[in-house]
Amino acid sequence: MEFSDLELERLKKLQRLRERGIEPYPARVTRTHTNQQAIDAFAAQEAASDAPHQAGGEAVEAAVVGRLVLVRPMGKASFAHIEDGTSRLQIYMKKEEVGEETYEMFLKDIDLGDFLEAQGHMFRTKTGEPTLRITQLHIISKAIQPPPEKWHGLKDVETRLRQRYADLLSNPETREVFRKRAQVVNALRRFLDNLDFLEVETPVLQPLYGGAAARPFITHHNQLDQNLYLRISFELYLKRLLVGMYERVYEIGRDFRNEGVSYKHNPEFTQLEFYAAYWDYKKVMEVTEQMVAYVAQEVTGSTQIEYDGKAIELGGAWQRLTMREAIKKWAEIDYMDYPTAAELRAAIRARGGHAPDDASWGKLIDGLMGDYVEPQLIQPTFLYDYPRDISPLAKRKPDDARHVERFEFFIAGMEMGNAFSELNDPLDQEERFVEMNRTEDVEAGDAHPLDEDYLRAMRYGMPPNGGFGMGVDRLTMLLTNQQTIREVILYPHLRSSEK
RNA sequence: GGGCCGUUAGCUCAAUCGGUAGAGCAGAGGCCUUUUAAGCCUUUGGUUCAGGGUUCGAGUCCCUGACGGCUCACCA
């Protein structure tokens, strides 16, 4: 990489520092307080005594570190702000107090973006800002590349995503999003752990893929000379564990789907799945409501959030609609009046809707749901009782051959998760797999391999259970008010810019 | 993958009808001892994404490509 003029200027400064015997990248630093601790300690000291600490020698003494983010030199004295992982802190230095050499170094050889160590005593400026009046200043890391604009930050979306470090260092809002993301994951764990779930890890590299309808990424193990797939879901591995007598298991991890990228799709994304023996989908609905409300409360301090300008209440009982009711309401079609794909397709087209030639009955219904219903579901809503032919892992409704005990839930017009009373009848399951392989278009890559080991596991006996899957990225979008998934993924997928 | 839009200084953005490519911040030099995006004076910095074309003349119009944004499709 070549150096720009601005970088060459900084390299000259680096050279000057070294010529004066100053190491710009020392191995060790002195730090007695984080910036926030220095501010808090000073405030506590002020609160405890009546005497104002106007540069008094007895005020809090601190050695702090951080990146230089703003500078205001004023002749023989200067103000600056340094920022560490906790806060910004103003520092103040007088030439006569830090010494001529240090003061010259600060003015001539230190730049915005450099990391500094500063020592001194706290005081409050006449405008009231807690400030460290320093007597010592050291450079602890020289930045060669200048930081983005100090006021506007880094705006260019492509640069922000390709150089996430630059985004993070210049945009505190970005840092906040990913702090909250960590809190979301922590809160989910806490919630499930409190319900006696066991957290487990299952293979990312799978010899067969399944548990969802998506095309996989394919990779290869060299020594075994075996093709492997990056998992598209955890479902089949987690349910095997119920056969193994764990009653409640969950996993939070990465799924990989070789599909299109959009504001709510990234090729790799974080999924939560849990399975609980002896629960059914109604019980899972209740737990879902509680879990999402709990996470919202923990992360944002409220169950009421604002997303994309809309107020959304995540607490309490959510709206519940069957798929059939919802489609009747918004698409004005009762799909039970059209029991074949051909009839339903004609009805949709008569209404001016979109209905692909090769779509099955269930897929047409799913399409109606996506086109007419999903955008309407701003407040949290359970849609339940899905068509059987698009739900090969869900248990049939006892008195209804065309529907299964499945729900998806939607918030802010976005599908957030999917759950069912899991199918635990091994013979029914085998039929579904075979049927799916017969009806799905092999050419389109929709056909899924038949997982015989999973069927064998089921034959040992699987307890009735309720299962659940949710996109953690999407939940994070919701709780951080981000309108695209790439704003809640640190390194989202982008096309390579290599030439 | 389709459609539409975009890409100008390190960063944030201008540039009328096709007529000398600008500003702020950052940088450099100078002044300034309580500032708050400090201020004041001077000043450097451009293959206008790349490559073709039209034209006396292209940041601007046309074509191709790269990358990005939005959107549609895809995503049981």
Side-chain angles (χ1 to χ4, degrees), chain A residues 3-10 12-13 54-55 69-81 88 90-97 103 107-108 111-113 123-129 131 133 143-163 166 170 210-215 232-233 257-267 269 354 356 359-367 369-371 386-394 404 406 408 415 418 432 435-436 439-441 444-448 483-484 486 494-499:
Chain A
F3 292 108
S4 67
D5 288 350
L6 290 174
E7 290 173 314
L8 289 171
E9 200 65 51
R10 284 169 178 244
K12 277 197 277 182
K13 297 176 178 185
Q54 283 294 332
V69 291
L70 285 174
V71 194
R72 293 178 293 284
M74 299 174 302
K76 296 184 180 64
S78 292
F79 284 94
H81 275 95
R88 280 188 180 194
Q90 181 166 258
I91 60 174
Y92 174 64
M93 79 193 79
K94 289 169 103 169
K95 187 175 179 177
E96 63 191 40
E97 290 176 3
Y103 198 73
L107 291 184
K108 297 290 180 192
D111 293 293
L112 292 178
F123 78 110
R124 206 168 276 278
T125 63
K126 65 183 186 190
T127 57
E129 181 164 350
T131 301
R133 181 177 188 137
I144 301 306
Q145 176 132 352
E149 219 266 353
K150 66 184 180 185
W151 184 244
H152 298 94
L154 181 62
K155 287 266 186 290
D156 183 75
V157 173
E158 186 174 356
T159 310
R160 284 185 47 236
L161 299 181
R162 287 193 194 280
Q163 303 180 29
S170 70
R215 268 169 286 186
I232 57 173
S233 90
R257 296 186 183 175
N258 208 337
E259 308 282 358
V261 176
S262 81
Y263 73 96
K264 54 183 177 180
H265 295 90
N266 195 62
F269 64 101
H354 172 71
S360 68
W361 190 72
K363 272 193 177 173
L364 289 169
I365 292 168
D366 201 45
M369 197 280 295
D371 291 344
Y386 273 59
R388 176 179 172 278
D389 67 331
I390 55 170
S391 314
L393 298 161
V404 292
R406 170 181 178 187
E408 293 188 328
E415 181 197 335
N418 182 23
R432 304 278 197 100
E435 185 182 321
M436 186 171 52
T439 56
E440 296 296 344
D441 185 352
D446 285 343
H448 279 50
Q483 274 67 55
T484 79
R486 42 164 223 258
L494 292 176
R495 194 186 306 265
S496 166
S497 60
E498 299 294 313
K499 293 187 177 171

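Chain letters run A, B, ... following the sequence lines, proteins first and then strands; every chain starts at 1.
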Winner on side-chain proximity to A:Glu9, out of B:C74, B:U35, B:A28, is B:A28
Protein heavy-atom contacts under 4.0 Å, written 5' to 3' over nucleotides 40-48 of chain B as B (base), S (sugar-phosphate only) or - (none), form the string ---------
Measuring to OP1 and OP2 of B:U35, would you say a side-chain N or O of A:Arg72 lies under 4.0 angstrom away? no
- Task: Between B:A37 and B:C74, how far apart are the C1' atoms? Round to whole Å, please.
- Result: 46 Å
With a 4.0 Å cut-off on N to O distance, would you call A:Arg10 and A:Glu7 a salt bridge? no
*Taking N and O atoms by type only, does the side chain of A:Gln90 place a donor or acceptor under 3.5 Å from a partner on the base of B:U35?*
yes
Assigned chi class of B:C17 under the 90° convention is syn
Of the listed B:A76, B:G68, B:A38, the closest approach to the A:Leu494 side chain comes from B:G68
To the nearest angstrom, the CZ-C1' distance between A:Arg160 and B:G69 comes to 13 Å
By nearest-nucleotide position on RNA chain B, the 5'-leaning member of A:Ile390 and A:Ser4 is A:Ser4
A:Pro148 has its side chain closest, among B:C11, B:U34, B:C70, to B:C11
Distance-only donor-acceptor test (3.5 Å): side chain A:His265, base B:C75 | yes
With the side chain defined as heavy atoms from C-beta on, A:Glu259 is closest, among B:A28, B:C74, B:A26, to B:C74
(message) Whether A:Lys12 contacts B:G27 is assessed here as follows: a side-chain N or O lying under 4.0 Å from the phosphate OP1 or OP2. Is that the case?
(response) no
The nucleotide from B:C75, B:A26, B:A38 with an atom nearest the side chain of A:Pro146 is B:A26
Checking B:A28, B:U12, B:G1 against the side chain of A:Arg495 (C-beta onward), the nearest is B:G1
